[in-house]
Visitor: 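Here it is: the structure, laid out below.
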Amino acid sequence: MSAVILDGKALAAKVKERVAREAAKLSRRPGLTVILVGENPASQVYVRNKVQDCSDCGIACFDYHLPADTPEEELLQLLTELNGRADVDGILCQLPLPDHIREKRVLETISPDKDVDAFHLYNMGRILRGDARFLPCTPAGVMELLHAYDISPAGKHCVVVGRSNIVGKPMGLLLLQENGTVTICHSRTPDLKEQCLQADILVSAVGREGLITADMIRPGAVVVDVAMNRNAAGKLCGDVDFAAACERASYITPVPGGVGPMTRAMLMENTLTAAKARQ
Ligand code: NAP
């Protein structure tokens, strides 16, 4: 058996085209602010990609690059200003932040109406309650990918590996909301292989190359690899042993070209949603 590839790159291009069409119909161009504090090289790449995505979608991008020693209060003041700006629909502060800046304070300062990452407590609460306005981009991208290939979590056993606030936990909630039976595993789960073997849909979001080997995949399972790791050769790879997993899974996401592009596309979608709500 050779798995069908869940092509996130192609689907993301379609989502972005749809966003661009919708954005062009609005009376005012949607606007997204992206704030980078410091020089984290990975964050710099992510921010560059976001600027490019905005340009592709006809979204105005306001790009702030602040020095690593920016005082917390100065960042909070900038966020408060942006909350009040009419031409800014979405605000995103690239994580991780330098150690002296308290992430929670930053995330709670962004107006929930402009919180296109959906990391504000209010928006997290709405996700838990099942009536979210914005969905966090990565889990939302996974759901969009599953929908595009007519894969429904309903009645399926879904196993999520990883329990972070930005990926694992909301991923579990979204699968639950679509009537999956969800297990969330983490670093203290003693029997990871046994848990994974129960999965009809297996989502790995850990960040450890080679964690998910083919013998942990139930034959015919759908495998979604969220992770973005660098292997010894410096190449991007996920948690899943992709080549071997293709022989066991029915559907599988590649890394790169799977969840990553979908995450980027969903940020554009959220910015459009914010702009529509505010216009
Ligand atoms: P994170 O905050 O570091 O969380 C990692 C999770 O994995 C934690 O819950 C941790 O458990 C769990 N874990 C660690 N070792 C484990 C093990 N041996 N067995 C089972 N679980 C284990 O990471 P994150 O922000 O969620 O990101 C996860 C991965 O996704 C990273 O590779 C990241 O680069 C990638 N990512 C990709 C995208 C995308 O667009 N494709 C977006 C975001 C993140 P504990 O809670 O017990 O520590």
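Worth saying up front: this structure is predicted, and the values here are computed from it rather than measured. All values below come from the heavy atoms of this structure, side chains included, with hydrogens, waters and symmetry mates left out.
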Visitor: Rounded to the nearest 0.5 Å, what separates atom CG in Leu92 from atom NZ in Lys114?
Guide: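 Reported value, rounded in 0.5 Å steps: 14.0 Å.
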Visitor: Looking only at atom types and distance, does a side-chain atom of Arg163 sit under 3.5 Å from a main-chain N or O of Lys169, one as donor and one as acceptor?
Guide: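 No, because the side chain of Arg163 does not come within donor-acceptor range (under 3.5 Å) of the backbone of Lys169.
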Visitor: Does Asp56 pair with Lys16 as a salt bridge, N-O distance under 4.0 Å?
Guide: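 Between Lys16 and Asp56 there is a salt bridge, with a charged N closer than 4.0 Å to a carboxylate O.
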Visitor: Indicate every side-chain donor-acceptor pair of residues 6-15 with a distance under 3.5 Å to a residue at least two apart or in another chain.
Guide:
unit_1: Asp7; atom_1: OD1; unit_2: Lys9; atom_2: N; d: 3.2
unit_1: Asp7; atom_1: OD1; unit_2: Ala10; atom_2: N; d: 3.0

Visitor: Does Lys25 use its side chain to pair, donor to acceptor, with the backbone of Arg21 at less than 3.5 Å?
Guide: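 Flag not set: sc Lys25 to bb Arg21 has no pair under 3.5 Å.
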Visitor: Counting neighbours of CD on Gln44 that are heavy atoms of other residues, nucleotides or ligands and sit closer than 6.0 Å, is the number greater than 12?
Guide: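 Yes.
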Visitor: Give a yes or no on whether Val259 and Ile201 share a hydrophobic cluster (residues Ile, Leu, Val, Met, Phe, Trp, Tyr; joining criterion: side-chain heavy atoms under 4.5 Å apart).
Guide: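 As far as the 4.5 Å side-chain criterion goes, Ile201 and Val259 are connected within one cluster.
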Visitor: By side chain to side chain donor-acceptor pair (under 3.5 Å), which residues pair with Tyr149, not counting sequence neighbours?
Guide: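 Residues passing side chain to side chain donor-acceptor pair (under 3.5 Å) with Tyr149: none at all.
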Visitor: So which heavy atom on Val37 is nearest to which on Leu97, and how close?
Guide: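 Smallest interatomic distance, heavy atoms only, reads CG2-CD2, 3.9 Å.
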Visitor: Would Val160 end up clustered with Val206 when hydrophobic side chains under 4.5 Å apart are linked, directly or stepwise?
Guide: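 Per the 4.5 Å side-chain linkage, Val160 and Val206 are not co-clustered.
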Visitor: Using modelled atom types and a 3.5 Å cut-off, is there a donor and acceptor pairing between side-chain atoms of Thr189 and backbone atoms of Leu192?
Guide: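 Checked: no pair found.
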Visitor: Can you confirm whether Arg208 is buried at CZ, in the sense that more than 12 heavy atoms of other residues, nucleotides or ligands lie under 6.0 Å from that atom?
Guide: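 Count not over threshold, so no.
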Visitor: Do you know which two heavy atoms are closest between Ile184 and His186, and how far apart they sit?
Guide: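 Shortest heavy-atom separation between Ile184 and His186 comes out as O-CD2, 4.0 Å.
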Visitor: Is there a side-chain contact between Val203 and Val161 in this structure, where contact means two heavy atoms from C-beta onward sitting under 4.5 Å apart?
Guide: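 No, too far: nothing below the 4.5 Å cut-off.
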Visitor: Decide side-chain contact (heavy atoms from CB on, under 4.5 Å) for Asp200 and Cys158; before the verdict, give the C-alpha distance in whole Å, the side-chain angles of both, and the deciding distance to 0.1 Å.
Guide: CA-CA 6 Å; Asp200 300 307; Cys158 307; over 6 Å; no
Visitor: Only one of Asn270, Thr273, Asp113 clears side chain to side chain donor-acceptor pair (under 3.5 Å) with Arg133; which?
Guide: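 Among the candidates, only Asp113 passes.
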Visitor: Can you measure from CD (Glu17) to CE (Met268) and round to the nearest 0.5 angstrom?
Guide: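 The distance works out to 15.0 Å.
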Visitor: What's the separation between atom CZ in Phe134 and atom CZ in Phe119, rounded to the nearest 0.5 Å?
Guide: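 Taking CZ in Phe134 and CZ in Phe119, the distance rounds to 13.0 Å.
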Visitor: Are the side chains of His157 and Thr183 in touch, meaning some heavy atoms are under 4.5 Å apart?
Guide: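 A side-chain contact exists here, since the closest heavy-atom pair is under 4.5 Å.
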Visitor: Which distance, rounded to the nearest 0.5 Å, do you find between the NZ of Lys50 and the OG of Ser55?
Guide: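 OG of Ser55 is found 16.0 Å from NZ of Lys50.
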Visitor: I need the His65 NE2 to Thr70 OG1 distance, nearest 0.5 Å.
Guide: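 Taking NE2 in His65 and OG1 in Thr70, the distance rounds to 8.5 Å.
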Visitor: For salt bridge (Lys or Arg N to Asp or Glu O under 4.0 Å), just list the numbers for Glu22 and Lys276, CA-CA rounded to whole Å, side-chain angles, deciding distance to a tenth of an Å, and then say yes or no.
Guide: CA-CA 9 Å; Glu22 292 286 310; Lys276 280 183 174 170; 2.9 Å; yes
Visitor: Run the numbers on Asp87 and Arg28 for salt bridge (Lys or Arg N to Asp or Glu O under 4.0 Å), then give the verdict.
Guide: CA-CA 8 Å; Asp87 56 344; Arg28 175 179 61 70; over 6 Å; no
Visitor: Applying the 4.5 Å side-chain criterion to the ILVMFWY set and letting contacts propagate, would Ile212 and Leu146 be lumped into a single cluster?
Guide: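 Hydrophobic grouping puts Ile212 apart from Leu146.
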Visitor: Please list every donor-acceptor pair under 3.5 Å in which a side-chain atom of residues 171-180 meets a protein atom from a residue at least two apart or in another chain.
Guide:
unit_1: Glu178; atom_1: OE1; unit_2: His147; atom_2: NE2; d: 2.9
unit_1: Glu178; atom_1: OE2; unit_2: His147; atom_2: NE2; d: 3.0

Visitor: Decide yes or no for Leu75 and Val106: does some side-chain heavy atom of the first lie under 4.5 Å from some side-chain heavy atom of the second?
Guide: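 Sidechains of Val106 and Leu75: in contact.
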Visitor: Between Pro136 and Ala118, what is the shortest heavy-atom contact and its length?
Guide: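 Shortest heavy-atom separation between Pro136 and Ala118 comes out as N-CB, 3.7 Å.
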Visitor: Are any of the side-chain nitrogens in Glu269 or Arg18 under 4.0 Å away from the carboxylate oxygens of its partner?
Guide: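 A salt bridge links Glu269 with Arg18.
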Visitor: Does a side-chain heavy-atom distance below 4.5 Å link Asp239 with Val226?
Guide: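 With C-beta onward as the side chain, the pair stays apart.
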Visitor: Hey, does Leu128 have a side-chain heavy atom less than 4.5 Å from the side chain of Met124?
Guide: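 Heavy-atom side-chain distance check fails, nothing below 4.5 Å.
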Visitor: Taking the side chain as every heavy atom from C-beta outward, state whether Ser250 and Val4 have any atom pair closer than 4.5 Å.
Guide: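 Not touching, per the 4.5 Å side-chain cut-off.
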Visitor: If you link ILVMFWY side chains whenever their heavy atoms are less than 4.5 Å apart, which other residues fall into the same cluster as Leu236? By chain and number, please.
Guide: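 When side chains under 4.5 Å apart are linked, the cluster holding Leu236 also contains Tyr46, Met228, Val255.
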Visitor: Which heavy atom of Pro30 sits nearest to which heavy atom of Asp89, and what is that distance?
Guide: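 Scanning both residues completely, I find the closest heavy atoms to be CA-OD2, 3.2 Å.
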Visitor: For Leu82, enumerate each residue passing the side-chain contact (heavy atoms from CB on, under 4.5 Å) test, keeping only those at least two apart in sequence or located in another chain.
Guide: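 Expected list: Thr33, Ile35, Tyr64, Leu78, Arg85, Val88, Ile91.
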Visitor: Would Leu197 end up clustered with Val159 when hydrophobic side chains under 4.5 Å apart are linked, directly or stepwise?
Guide: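 Each belongs to a different hydrophobic cluster.
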Visitor: Name all residues meeting the side-chain contact (heavy atoms from CB on, under 4.5 Å) criterion together with Arg105; count only those two or more places apart in sequence or in a different chain, and write none if there are none.
Guide: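 Partners of Arg105 by the side-chain contact (heavy atoms from CB on, under 4.5 Å) criterion, ordered by chain and then number, come out as Glu72, Glu73, Leu76, Arg102.
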Visitor: Could you tell me whether a side-chain N or O of Asp115 sits under 3.5 Å from a main-chain N or O of His120, the two making a donor and an acceptor?
Guide: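 Present.
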Visitor: Can you measure from CG (Leu32) to CG (Leu272) and round to the nearest 0.5 angstrom?
Guide: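 CG of Leu272 is found 12.0 Å from CG of Leu32.
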Visitor: Is there a donor-acceptor pair closer than 3.5 Å between any side-chain N or O of Asn231 and the backbone N or O of Cys237?
Guide: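 No; judged by distance alone, with no hydrogens or angles, the pair does not exist.
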Visitor: Taking Met262 as the starting point, is it possible to reach Ile166 by hopping between hydrophobic residues whose side chains are less than 4.5 Å apart?
Guide: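 As far as the 4.5 Å side-chain criterion goes, Met262 and Ile166 are connected within one cluster.
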Visitor: Just do the side-chain contact (heavy atoms from CB on, under 4.5 Å) check on Ile252 and Phe242 with the steps written out, would you?
Guide: CA-CA 8 Å; Ile252 189 166; Phe242 181 76; 3.8 Å; yes
Visitor: Tell me, do Cys137 and Asp117 make a side-chain contact under 4.5 Å, heavy atoms counted?
Guide: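 They are in side-chain contact.
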Visitor: So do the side chains of Ser204 and Val224 get within less than 4.5 Å of each other, counting heavy atoms only?
Guide: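 Ser204 does not reach Val224 side chain to side chain.
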Visitor: What verdict does the side chain to side chain donor-acceptor pair (under 3.5 Å) test give for Ser111 and Asn83, after you've listed the backbone C-alpha separation in whole Å, the side-chain angles of each residue and the deciding distance to 0.1 Å?
Guide: CA-CA 6 Å; Ser111 160; Asn83 284 341; 4.7 Å; no
